[in-house]
Peer 1: 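Please read through the structure below; I'll follow up with questions.
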Amino acid sequence: MATFQPLPGFRDFYPEDLAKRTHIFRLWRQTAAAFGFAEYDTPVLEPLDLYRAKSGDEIEAQLFSFTDKGKREVALRPEMTPSVCRLVGERAGALKRPIKWFSIAEFYRYERMQKGRGRCFHQFNADVFGEPGPEAEIELIALLVQCMRAFGLTQKDFCVRLSDRNLWFHYLGSLGLDDARIRALLGAIDKYERSGHEAFKPYEDAFGPLPEGLKDKVLAFLAIRSFEELESALGADPAAGTAARLADWRKLLGGLSAMGLADYIQVDLGVVRGLAYYTGFVFEAFDRKGELRALAGGGRYDDLVGKLGGSELPAVGFAIGDMTFALLLEERGLSPAVAAAPDVYCVIGGEAERRAAFADIHRLRSGGYRVEYPLKELAFGKQFKAAAESGARLALIYGGDELARGVVKMRDMGTRTEREFPASEVEASVRGFFAGP
RNA sequence: GCGGUCAUAGCUCAGUUGGUUAGAGCACAAGAUUGUGGAUCUUGGGGUCGCGGGUUCGAGUCCCGUUGGCCGCCCCA
């Protein structure tokens with residue numbers, strides 16, 4: 001048994017594990033690039049205060065934090081949002097807008113492990129800065145959906161639940177609640193799906209019992225699952241702010257619908273996200289079977305860049321975590337069975353032939369072909385077996401007989417056919433083979 | 001932080017009421033096989049039975065503790 005193990009919640013990635021992860025990252029990158037998002041990165045280690053400023057002191061319990069040798073309080077990043085807010089805030093005046101950025105990075109949280117959650121994980125983060133209207137949400141939600149569809153997931157596998165903290169504020173405000181009560185109530189609404197009426201307990205502890213009539217209205221609003229219900233719940237003659245907000249909704253839903261993504265969107269006012277810093281539309285992606293944790297989450301946070309980066313800048317963003325996402329792919333059989341096979345396997349007679357082969361091997365590799373050969377002398381039988389197991393489409397045979405005649409033999413591993421060509425034409429012949437008929 | 005459950009080879013697992021030197025399959029390696037395919041056969045390497053303590057003539061097996069995995073609660077940026 002090994003003396004050393006990874007720290008709790010951390011994982012080793014053997015090549016077959018890393019291949020799956022890399023495949024996920026590659027499709028995310030391609031998708032983000034197709035949407036015109038630019039990739040950035042930030043330090044893994046940040047000042048602890050960056051997270052205190054965003055989330056308050058209590059966050060510290062879930063942080064990998066320590067004091068460095070310069071007596072600085074630091075923390076491994078638990079999320080990307082504060083860092084990226086700093087970046088765009090610093091250069092807000094110089095960046096062309098809209099600012100569409102994404103990253104794929106590793107994060108650390110000192111938490112208890114669970115299915116789909118570890119102490120280190122990766123997230124794909126995408127944000128649009130500088131666009132206050134729902135056009136930014138259209139862009140981001142479309143990107144989120146495509147980041148899943150790119151793997152073959154369909155509307156049968158997942159959906160994006162869409163809600164609006166802004167509208168909740170309007171609605172609860174119209175019922176006569178003040179800001180503190182609204183925030184406490186949103187906390188209850190966030191937990192209602194899981195905890196039921198228990199969820200209202202913290203609110204009632206702080207502000208006293210919720211009148212039945214009010215509670216019924218909250219529960220009715222929370223149960224809204226379509227835009228039509230939303231419109232009628234707000235009445236035929238909504239206040240001016242509410243009417244403008246409904247126009248934003250029409251624009252957002254209309255845009256996503258025009259992109260052909262309507263089947264992926266589920267209006268669901270029961271989603272409000274626990275985070276106080278969200279200011280407008282919020283959304284979460286779930287697997288349709290409801291067996292897994294949330295796949296992704298995001299929303300608008302128009303005040304955070306000003307708080308962390310210095311310049312006021314509207315923003316909306318989301319993150320997809322890699323662990324739950326990988327579980328979903330695995331479950332649906334969409335995880336790639338990748339074993340990168342060489343293009344060419346060289347079968348080599350002996351030491352003299354090996355020297356001849358090396359020149360070609362290096363030339364082919366320089367040309368971008370993936371070339372393998374046995375490091376140690378092996379019987380021909382073993383070498384052909386190894387060539388077959390490697391998955392190479394082509395075997396080059398450097399035997400004593402062939403080299404004596406100035407030729408190299410080329411075997412198509414698929415068709416099991418062979419032909420010979422002059423030893424000087426190896427690269428051209430290989431190129432011809434892979435160019436195909 | 002709390003609860004449940006598990007821990008024997010790289011992997012999946014056997015291991016009898018406590019009894020000799022802890023086993024199998026897969027995987028890996030060598031040979032059969034010095035010029036042609038994933039087979040077969042033979043052989044081999046690989047274990048402080050998670051770790052520590054206790055009971056016992058004797059512990060993989062029973063007891064206590066501990067560490068770690070998995071599942072859930074709290075939390076979930």
Peer 1: Please work out if A/Gln383 contacts a base, only the sugar-phosphate, or nothing of the nucleic acid, heavy-atom cut-off 4.0 Å.
Peer 2: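 The residue A/Gln383 makes no contact with any strand.
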Peer 1: Should the ring pair A/Tyr373 and A/Phe358 be called parallel, tilted or perpendicular, given that the plane angle runs from 0 to 90° and is split at 30 and 60?
Peer 2: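 Rings of A/Tyr373 and A/Phe358: perpendicular, as their planes differ by over 60°.
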Peer 1: Regarding A/Gly297, tell me which of base, sugar-phosphate or nothing describes its non-hydrogen contacts under 4.0 Å with the strands shown.
Peer 2: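 No contact.
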Peer 1: Within 45° of the six-membered ring axis of A/Tyr110 and under 6.0 Å from that ring's centre, is NZ or CZ of A/Arg119 located there?
Peer 2: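 That pair qualifies as a cation-pi contact.
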Peer 1: With a 4.0 Å cutoff (strictly under), does any side-chain N or O of A/Lys409 reach OP1 or OP2 of B/G35?
Peer 2: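 Answer is no, no contact under 4.0 Å.
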Peer 1: Could you state the atom-to-atom distance from CD of A/Glu353 to C1' of B/U34 in whole Å?
Peer 2: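 After rounding, the reported distance stands at 11 Å.
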Peer 1: Checking base pairs now: Watson-Crick or wobble, both atom distances under 3.5 Å. What partners B/U61?
Peer 2: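 By the stated definition (distances under 3.5 Å), nothing pairs with B/U61.
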Peer 1: Using Watson-Crick or G-U wobble geometry with both distances under 3.5 Å, which nucleotide pairs with B/U20?
Peer 2: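 When the pairing criteria are applied, nothing turns out to pair with B/U20, so the answer is none.
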Peer 1: In whole angstrom, what separates A/Lys385's NZ from B/C28's P?
Peer 2: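 Between P of B/C28 and NZ of A/Lys385: 9 Å.
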Peer 1: Say you pick atom P in B/G44 and the same atom in B/U8; how far apart are they, in whole Å?
Peer 2: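 It comes out at 25 Å once rounded to the nearest Å.
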Peer 1: Can you check whether A/Phe64 and A/Phe10 have ring centres sitting under 6.0 Å from each other?
Peer 2: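 Close enough - the centres of the two rings lie under 6.0 Å apart.
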Peer 1: Side-chain contact, heavy-atom cut-off 4.5 Å: A/Met80 with A/Thr42?
Peer 2: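 SC-SC contact between A/Met80 and A/Thr42 confirmed.
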Peer 1: In whole Å, measure the gap between the C1' atoms of B/C28 and B/G10 for me.
Peer 2: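 It works out to 9 Å between them.
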Peer 1: Return the pairing partner of B/C76 with a 3.5 Å limit on both distances, Watson-Crick or G-U wobble; otherwise return none.
Peer 2: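 None - no nucleotide pairs with B/C76, as no candidate has both distances under 3.5 Å.
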Peer 1: Taking all non-hydrogen atoms of both residues into account, name the closest pair between A/Trp249 and A/Ser163 and its distance.
Peer 2: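 Looking at all heavy atoms of both residues, the shortest contact is CZ2-C, 4.0 Å.
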Peer 1: Would you mind reading off the distance between A/Glu377 atom CD and B/G35 atom P, rounded to a whole angstrom?
Peer 2: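 One finds 12 Å between P of B/G35 and CD of A/Glu377, rounded.
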Peer 1: Taking atom P of B/U34 as reference, at what distance in whole Å does atom CD1 of A/Ile348 sit?
Peer 2: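 In whole Å, B/U34 P and A/Ile348 CD1 are 18 Å from each other.
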Peer 1: Rounded to whole angstroms, how far apart are CG on A/Asp12 and P on B/G10?
Peer 2: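 The distance from CG of A/Asp12 to P of B/G10 comes to 14 Å, rounded to the nearest Å.
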Peer 1: Measure up the A/Trp101 and A/Tyr40 rings against each other and bin them: parallel (under 30°), tilted (30 to 60°), perpendicular (over 60°).
Peer 2: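 Tilted: the ring planes of A/Trp101 and A/Tyr40 meet at 30° to 60°.
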Peer 1: Spell out yes or no: do the side chain of A/Arg411 and the base of B/G37 have one donor N/O and one acceptor N/O closer than 3.5 Å?
Peer 2: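 Check passes, donor-acceptor contact within cut-off.
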Peer 1: Tell me whether the rings of A/Phe124 and A/Trp28 are parallel (<30°), tilted (30 to 60°) or perpendicular (>60°).
Peer 2: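 Tilted, since the angle between the ring planes falls between 30° and 60°.
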Peer 1: Counting only Watson-Crick pairs (N1-N3 plus N6-O4 or O6-N4) and G-U wobbles (N1-O2, O6-N3), all under 3.5 Å, who is the partner of B/U55?
Peer 2: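 WC or wobble partner does not exist here.
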Peer 1: Please figure out whether A/Phe380 or A/Glu389 has its closest RNA chain B nucleotide nearer the 5' end.
Peer 2: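 With A/Glu389 and A/Phe380 compared, the 5'-side residue is A/Phe380.
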Peer 1: Distance between the P atoms of B/G47 and B/A22, in whole angstroms?
Peer 2: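 About 13 Å, rounded to a whole number of Å.
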Peer 1: Would you measure the distance from the C1' atom in B/C75 across to the matching atom in B/U12 and give it in whole Å?
Peer 2: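 About 35 Å, rounded to a whole number of Å.
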Peer 1: Please determine, for B/U43, whether a Watson-Crick or G-U wobble partner exists with both distances under 3.5 Å, and give it or none.
Peer 2: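 The answer is B/A29, by the H-bond criterion.
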Peer 1: P atom, B/G25 versus B/U67: distance in rounded Å?
Peer 2: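 Rounded to whole Å, the distance is 38 Å.
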Peer 1: Using atom P in both nucleotides, what's the gap between B/C74 and B/C2 to the nearest angstrom?
Peer 2: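 B/C74 and B/C2 have their P atoms separated by 16 Å.
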Peer 1: For atom C1', what is the distance between B/U55 and B/C63, given to the nearest Å?
Peer 2: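 Straight-line distance between the two C1' atoms is 7 Å.
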Peer 1: Return a single string for nucleotides 66-77 of chain B, one symbol per nucleotide in 5' to 3' order, where B is base contact, S is sugar-phosphate-only contact and - is none, cutoff 4.0 angstrom on heavy atoms.
Peer 2: --SSSSBBBBBB
Peer 1: So, is the end of the A/Arg21 side chain (NZ or CZ) under 6.0 Å from the ring centre of A/Phe13 and within 45° of the ring's axis?
Peer 2: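 Judged by the rule (NZ or CZ under 6.0 Å from the ring centre, within 45° of its axis), A/Arg21 counts as positioned above A/Phe13.
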Peer 1: Provide, to the nearest angstrom, the distance between the CD atom belonging to A/Glu16 and the C1' atom belonging to B/C11.
Peer 2: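 In whole Å, B/C11 C1' lies 11 Å from A/Glu16 CD.
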Peer 1: Taking B/C49 as the reference, what is the distance to B/C11 when you measure between their P atoms (whole Å, please)?
Peer 2: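 The answer is 16 Å between these two P atoms.
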Peer 1: Watson-Crick or G-U wobble partner for B/U34, using a 3.5 Å limit on both distances?
Peer 2: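 When the pairing criteria are applied, nothing turns out to pair with B/U34, so the answer is none.
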Peer 1: Picking from B/G38, B/G35, B/U34, which would you name as closest to the side chain of A/Glu402?
Peer 2: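 Of B/G38, B/G35, B/U34, B/G35 is nearest to the side chain of A/Glu402.
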Peer 1: Report yes if a donor N or O on one partner sits less than 3.5 Å from an acceptor N or O on the other, where the partners are the side chain of A/Lys382 and the base of B/U34; otherwise report no.
Peer 2: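 Per atom types, no contact qualifies.
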Peer 1: Distance check, rounded to the nearest 0.5 Å: A/Arg393 atom CZ versus A/Asp412 atom CG?
Peer 2: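 Spacing of CZ (A/Arg393) from CG (A/Asp412) equals 7.5 Å.
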